[in-house]
Participant: 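Below is a structure I'd like to ask you about.
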Amino acid sequence: MASLGVAWRSIPPTFLADLRDLVGPRNLLTDPDLTIGHRIDWTGRFTADPVPVVRPGSAGEIAELVTLARRDGIALVPQGGNTGLVGGATPMEGGVVVDMRRLGQVSDLDPVAGQLTAGAGATIGEVQAVARGVGWEYGVDWAARDSATVGGSIATDAGGIRFVAHGGTRRQLIGIEAVFGSGELVSHLPRVEKDNTGYQLASLLCGSEGTLGLVTAARLRLVRPPGPTVVALLGFSSVADVVSGGTMLRLGSRPLALELMTARGLELVCRHLGLTHPFEDRQEYVLLAELEDHGNTVQAVLAEMEGLTASAVALDAASQLRLWRYREGHTEAISRLGSVHKLDVTLPPGVLADFIAEIPAAVAALRPKATVWLFGHVGDGNIHVNLTGLDPDDDDIDGLVLTEVAARGGSISAEHGIGRAKRRFLSLAHGAADLAVMERLRAALDPDRICNPGVLLP
Ligand SMILES: Cc1cc2nc3c(=O)[nH]c(=O)nc-3n(C[C@H](O)[C@H](O)[C@H](O)COP(=O)(O)OP(=O)(O)OC[C@H]3O[C@@H](n4cnc5c(N)ncnc54)[C@H](O)[C@@H]3O)c2cc1C
């Protein structure tokens, strides 16, 4: 077998000719100027040399593509919207980028059962629009909804702002169609939710980051839309009060989102988006709560909340969107500061407040010039630790943060996946036996290791 990860100039011309025949000349890009967007990840931390980009139009074409790649030993790097934040879709070992976005159809909508089938290249926003059109919602949502794809969300088991209400992508998956690295095209897209007929391939592929195969379509569960909602920005001076306020809201109401911001993050977003600060006085920590409210239960809970120092409540859709902009502007505003280390972690509730309060000092002790940005889905214990002012290759600082997380019983990846950014640190999350079983699964399903070889497993 030829070596994997060869730069595109050493890809055999016969391979490129066969690809061109397979997808048509318009769907094979080799001009480096046309492929630049496929070679840089969203954070700017990971960049690759030029590689060809192929745009297959069906699951059958992808099965043939895998056969060709196995024949010539060419790595395949699946890519959806390229909004991943851990370098998982960046072709750093060379090979070929497989742009999945032509598989964008949404079909077989069942408005009674609340299910639909989505091609891997459909965006989350497109799935949400189709679901809303028949009175349902798709339960997973986040700021990159208009670029991120169904295939990417499955490959990373995306979580997002509604996890606290509906869980992540895995919970919405009823069935899957995919091409494994072995070349087999599997298709199990049942119309029923209760289906325990053997191994759940959908679940296995969910979170596999393109390392077992390419997801081509999925059967997705929809959720009922919420009743009237309230969005509130709640100010606190201590993070312990934020966490206990969030717990009160979870027990006393139906939260659809519970998101943390800090004074520093809010100021950056206001500067970046040209927004007026939502409070007159500086609030060290701000909890954005979106709640389903069938009456005045939320007001009653807020009246009892300890440590609450300020609040801004929005009832109508336009004002709610205005409050959401403070939170959704974070990723973009931080990325404007240069290359970002994105460490997306979860902590158990009992140690969450201490971690948030202590991690900036731990980072400052090792890298005094780094700036720590903390925000995220605090209702799930999920905090995005973003670090700026660092060398993109500075893995030691990532190791420090992730070791602190593991020592407290947390997870080093809550929702973005391991990608390239955290590959070195996977043993903080899994023991040798877990990793050995994962390796064997990978070897069975991708025997020539052509599927995203530089990602996930060390
Ligand atoms: C502003 C912003 C906010 C974000 N907020 C969140 C958030 O709240 N929650 C969250 O979970 N994520 C969030 N993300 C990260 C990102 O949007 C998700 O990880 C998303 O699932 C990636 O989808 P994508 O289509 O862009 O995938 P890509 O970035 O293209 O790829 C991601 C990974 O999936 C693999 N892949 C892609 N398509 C396929 C396929 N069809 N088959 C097999 N493997 C595939 C790639 O090889 C890569 O390893 C955010 C990103 C941005 C830019």
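The basis for the numbers below is simple: all heavy atoms, side chains too, and nothing from hydrogens, waters or symmetry mates. All ligand and atom numbering here is 1-based and tracks the order in the structure.
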Participant: Might you point out which heavy atoms bring Tyr326 and Thr276 nearest each other, and give the distance in Å?
Facilitator: OH-O, 2.5 Å
Participant: Does a donor on one side chain sit under 3.5 Å from an acceptor on the other, for His188 and Asp195?
Facilitator: yes
Participant: Go through the structure and list residues passing side chain to side chain donor-acceptor pair (under 3.5 Å) with Arg162, not counting sequence neighbours.
Facilitator: Glu290
Participant: Among all residues two or more places apart in sequence or in another chain, which pass the side chain to side chain donor-acceptor pair (under 3.5 Å) test with Thr229?
Facilitator: Gln320
Participant: Among Asp108, Thr117, Asp110, find the residue that satisfies the side-chain hydrogen bond (donor to acceptor under 3.5 Å, both in side chains) test when tested with Arg219.
Facilitator: Thr117
Participant: According to side chain to side chain donor-acceptor pair (under 3.5 Å), who are the partners of Ser107, at least two apart in sequence or on a separate chain?
Facilitator: none
Participant: Sort out the contact shell of ligand 1: every protein residue with a heavy-atom distance below 4.0 Å, listed by chain and number.
Facilitator: Trp42, Pro78, Gln79, Gly80, Gly81, Asn82, Thr83, Gly84, Leu85, Gly88, Ala89, Met100, Ala120, Trp142, Ala144, Ala148, Thr149, Gly151, Gly152, Ser153, Ala155, Thr156, Ala158, Gly159, Gly160, Glu209, Gly210, Gly213, Leu214, Val215, Thr331, His377, Glu415, His416, Asn452
